[in-house]
Amino acid sequence: MADLGDWGPALADEMARPYWAELSDFVERERRSKDVYPAADQVFRALELCPLAQVRVVVLGQDPYHGPGQANGLAFSVSPGVKIPPSLRNIFTELESDVGVPTPDSGDLTPWAQQGILLLNTTLTVACGEAGSHQGHGWSEFTDSVIAAVDRLPRRVVFVLWGAAARSKATNIDSNRHVVIESAHPSPLSAYRGFIGSRPFSQINAALTESDQNPIDWRLPAASTLW
């Protein structure tokens, strides 16, 4: 198990529940017979890079990319040198349209995580080529507990829910204290049904500024500087 830092105490009770052992056994069995993404040491990377005490924004996805070499433990992100997937390409298109940040040549969103953005999928593992294959095995309960831990923070957090799986989590968020931004998923199948033109990046920074928090610097470095 990865060192979850200050997430550990917040999630300890959840990880002591019976379903957690069953989920862990399921993922281990899957890894013995299939390629499972992301790699075992990257499953909790979103939590490792963005400690609970530093969370200012939560971006919720669905499950990890299921193509070889794509998933790296951060929702929507890929590692340097990996071709930018269509969903992330649409995110970058909206980023440029919304706040004028040119489309980067790397899909590594690590700099966003390091500024307090929790890039969390609702399911944290997937089998190669089988989208949604690890849903229904306990990950949803676990990520509910992650969201609950963030919801309890005393400061305003901006929750960004893209797509049906993410939007189903809205009932777990106190919208009287936090800001919830919802839209269609950036997938090519739905991006033009409510994601493109939704201007989430300027909304996020406006909400942070209104609560006396620093805005996010959305710029991403060139791939050559991330190796």
Side-chain angles (χ1 to χ4, degrees), residues 1-2 4 7 10-11 14-15 19-20 23-24 26-27 30-31 34-52 55 57-79 82 84-91 107-110 112-114 116-151 157-170 172-173 180-187 189-191 195 200:
M1 174 61 67
L4 299 184
W7 288 101
L11 301 174
E14 191 69 19
M15 297 171 80
Y19 87 85
W20 179 255
L23 170 60
S24 300
F26 165 75
V27 174
E30 286 279 283
R31 289 193 187 279
K34 304 175 183 178
D35 289 329
V36 171
Y37 308 129
D41 62 354
Q42 293 183 323
V43 171
F44 300 103
R45 189 162 172 257
L47 304 181
E48 293 167 10
L49 287 179
C50 187
L52 177 59
V55 176
V57 179
V58 178
V59 174
L60 281 179
Q62 187 165 332
D63 58 355
Y65 295 123
H66 57 268
Q70 292 182 307
N72 67 6
L74 301 178
F76 299 106
S77 177
V78 293
S79 296
V82 176
I84 297 174
S87 292
L88 184 54
R89 182 69 61 183
N90 285 333
I91 290 171
D108 188 340
L109 304 183
T110 298
W112 291 1
Q114 292 170 334
I117 301 182
L118 180 63
L119 295 161
L120 183 71
N121 282 310
T122 55
T123 298
L124 299 190
T125 55
V126 68
C128 177
E130 301 177 30
S133 54
H134 286 192
Q135 295 175 16
H137 291 276
W139 279 127
S140 182
E141 289 90 333
F142 178 74
T143 52
D144 278 349
S145 68
V146 172
I147 293 168
V150 176
D151 185 69
V157 176
V158 184
F159 289 84
V160 183
L161 313 181
W162 287 337
R167 296 174 84 169
S168 70
K169 302 286 193 181
N172 300 338
I173 302 165
V180 179
I181 299 171
E182 300 184 49
S183 79
H185 194 277
S187 160
L189 298 175
S190 58
F195 175 77

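Side chains are part of it too, since the values below use all heavy atoms of this structure and drop only hydrogens, waters and symmetry mates.
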Working to the nearest 0.5 angstrom, can you tell me the gap between Ser79 OG and Leu109 CG?
10.0 Å
Thr110 meets the side chain to side chain contact (heavy atoms under 4.5 Å, CB included) criterion, sequence neighbours left out, with Arg45, Leu49, Leu74, Asp108, Gln114
Could I get the full list of side chain to side chain contact (heavy atoms under 4.5 Å, CB included) partners for Ile84, not counting sequence neighbours?
Leu88, Arg89, Phe92
I'd like to check Glu30 versus Thr125 (side-chain heavy atoms, cut-off strictly below 4.5 Å). Are they in contact?
no
Polar side-chain atom of Asn172 near backbone of Ala148 as donor-acceptor pair, under 3.5 Å:
no
His134 and ring-ring contact (aromatic ring centres under 6.0 Å, His included): which partner among Phe26, Trp139, Tyr37?
Phe26
Listed partners of Gln42 passing side-chain hydrogen bond (donor to acceptor under 3.5 Å, both in side chains), at least two apart:
none
Quick one: list whatever passes side chain to side chain contact (heavy atoms under 4.5 Å, CB included) with Ser183, sequence neighbours left out.
Trp162, Phe195, Ser198
Quick one: CG on Leu161 to CD1 on Ile147, what's the gap to the nearest 0.5 Å?
7.5 Å
Specify the closest pair of heavy atoms between Arg31 and Ala39, including all atoms of both residues, with the distance to one decimal.
NH2-C, 3.7 Å
Any side-chain heavy-atom pair of Leu118 and Leu60 under 4.5 Å:
no
Interatomic distance, Cys50 atom SG to Leu120 atom CG [nearest 0.5 angstrom]:
10.0 Å
Once salt bridge (Lys or Arg N to Asp or Glu O under 4.0 Å) is applied, what residue pairs with a partner in residues 123-133 remain, sequence neighbours excluded?
Lys34-Glu130
Ignoring hydrogens and geometry, is there a side-chain-to-backbone donor-acceptor pair from Asn90 to Pro186 under 3.5 Å?
yes
Using ring pair (Phe, Tyr, Trp, His ring centres under 6.0 Å) as the criterion, list what pairs up with Phe159, not counting sequence neighbours.
His178
Show the numbers, then the answer: is there a side-chain contact (heavy atoms from CB on, under 4.5 Å) between Val55 and Val157?
CA-CA 7 Å; Val55 176; Val157 176; 4.3 Å; yes
Report the C-alpha distance between Val126 and Ser133 in whole Å, list the side-chain angles of each, state the deciding distance to 0.1 Å, and finish with yes or no for side-chain contact (heavy atoms from CB on, under 4.5 Å).
CA-CA 6 Å; Val126 68; Ser133 54; 3.6 Å; yes
For Asp144, give me all partners under salt bridge (Lys or Arg N to Asp or Glu O under 4.0 Å), at least two apart in sequence or on another chain.
Lys169
For Ser187, what residues pass the side-chain hydrogen bond (donor to acceptor under 3.5 Å, both in side chains) criterion, not counting sequence neighbours?
none
Only counting residues at least two apart or in another chain, list the ones meeting ring pair (Phe, Tyr, Trp, His ring centres under 6.0 Å) with His185.
Phe76
side-chain hydrogen bond (donor to acceptor under 3.5 Å, both in side chains) partners of Ser190, counting only residues at least two apart:
none
Residues in side chain to side chain contact (heavy atoms under 4.5 Å, CB included) with Ala164, at least two apart?
none
Quick one: are Val146 and Phe44 in side-chain contact, heavy atoms under 4.5 Å?
no
Listed partners of Ser77 passing side-chain hydrogen bond (donor to acceptor under 3.5 Å, both in side chains), at least two apart
Asn72
Do Trp20 and Leu11 have side-chain heavy atoms sitting under 4.5 Å apart?
no
For the CZ atom of Phe142 and the CG atom of Leu23, what is their distance to the nearest 0.5 Å?
9.0 Å
State, to 0.1 Å, how close Gly61 and Ala166 come at their nearest heavy-atom pair, and which atoms those are.
O-CB, 4.2 Å
Answer yes or no: is there a side-chain heavy-atom contact under 4.5 Å between Ile117 and Val59?
yes
Just so I know, are the side chains of Leu52 and Val150 near enough to count as touching, which here means a heavy-atom distance under 4.5 Å?
yes
Is any side-chain heavy atom of Asn121 closer than 4.5 Å to a side-chain heavy atom of Thr143?
no
Between OH of Tyr65 and SG of Cys128, what distance do you get to the nearest 0.5 Å?
15.5 Å
Measure across Pro38 and Ala71 and return the closest heavy-atom pair with its distance rounded to 0.1 Å.
CB-O, 3.8 Å
